[in-house]
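Down below is the structure, laid out as structure tokens.
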Amino acid sequence: MKTFESLFSELKTKIENKDPNSYTVKEYEKGVHFIGKKIIEEAGEVWIASEYEGNEKTAEEMSQLIYHIQVMMLAKGITIDDIYGYL
């Protein structure tokens with residue numbers, strides 16, 4: 001099972017290695033605007049799942065939101081510690 005920290009490390013490694021087959025690398029290379037649209041999309045899906053689709057689907061959508069947030073963190077050079085400083 002992945003943790004927030006292990007996922008972040010995995011995504012960072014994929015981006016650093018520029019794996020041409022990685023969806024993460026492709027999203028990262030499309031930039032902040034594209035990543036932002038994915039975050040908005042996933043946030044809406046979290047809300048819809050919370051309202052109508054139960055906890056399992058909600059957890060799945062939340063995991064996808066976290067993924068896209070982490071890609072944005074990497075695109076903006078924001079670290080986990082930067083985030084933790086505001087919690």
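Residues: numbered from 1 along the sequence shown.
The pair Glu61-Lys57 meets the salt-bridge criterion, with a side-chain N (NZ, NE, NH1 or NH2) lying under 4.0 Å from an Asp/Glu carboxylate O. With salt bridges taken as basic N to acidic carboxylate O contacts below 4.0 Å, none links Lys38 and Glu27.
Considering CD of Gln70 and CD1 of Ile15, their distance stands at 10.0 Å, rounded to 0.5 Å. A distance of 12.5 Å separates CD1 in Ile66 from NZ in Lys2, rounded to the nearest 0.5 Å. Residue Leu7 holds its CG atom at 8.5 Å from CD1 of Ile80, rounded to the nearest 0.5 Å. Rounding to the nearest 0.5 Å gives a distance of 11.5 Å between OH of Tyr28 and CE of Met72. Expressed to the nearest 0.5 Å, how far NZ of Lys14 lies from OH of Tyr23 amounts to 12.0 Å. The distance from atom CG of Leu65 to atom CD of Glu60, rounded to the nearest 0.5 Å, is 12.5 Å.
Using a 4.5 Å cut-off on side-chain heavy atoms (C-beta onward), Phe8 and Leu74 make contact. Counting heavy atoms from C-beta on, the side chains of Met73 and Ile83 come closer than 4.5 Å.
For Glu41 and His68, the side-chain atoms include no donor-acceptor pair closer than 3.5 Å. Residues Thr3 and Ser6 have side chains that bring a donor and an acceptor to within less than 3.5 angstrom of each other. For the residue pair Tyr67 / Thr24, a side-chain donor-acceptor distance below 3.5 Å is found, with atom types taken as modelled. Neither side chain, Asn55 nor Thr58, offers a donor N or O lying under 3.5 Å from an acceptor on the other.
The environment of CD in Glu5 is crowded: more than 12 heavy-atom neighbours from other residues, nucleotides or ligands sit within 6.0 Å.
Tyr84 and Phe4 have tilted rings, their planes meeting at an angle from 30° to 60° on a 0 to 90° scale.
A single hydrophobic cluster is not seen to contain both Met1 and Leu11; linkage of ILVMFWY side chains at heavy-atom distances under 4.5 Å, directly or through other members, places them apart. Linking ILVMFWY residues whenever their side-chain heavy atoms come closer than 4.5 Å, directly or via other members, places Ile78 and Ile39 in the same cluster.
Using a distance-only test at 3.5 Å, with no hydrogens or angles considered, no donor-acceptor pair links the side chain of Glu42 to the main chain of Gln64. A donor-acceptor pair is defined here as one N or O able to donate and one able to accept, closer than 3.5 Å; such a pair exists between the side chain of Asn17 and the backbone of Thr13.
Asn21 and Asp19 get closest at one heavy-atom pair: N-OD1, 2.9 Å. Between Ala75 and Ile35 the shortest heavy-atom distance is CB-CD1, 3.8 Å. Nearest heavy atoms, Val32 versus Lys76: CG2-CD, 3.7 Å.
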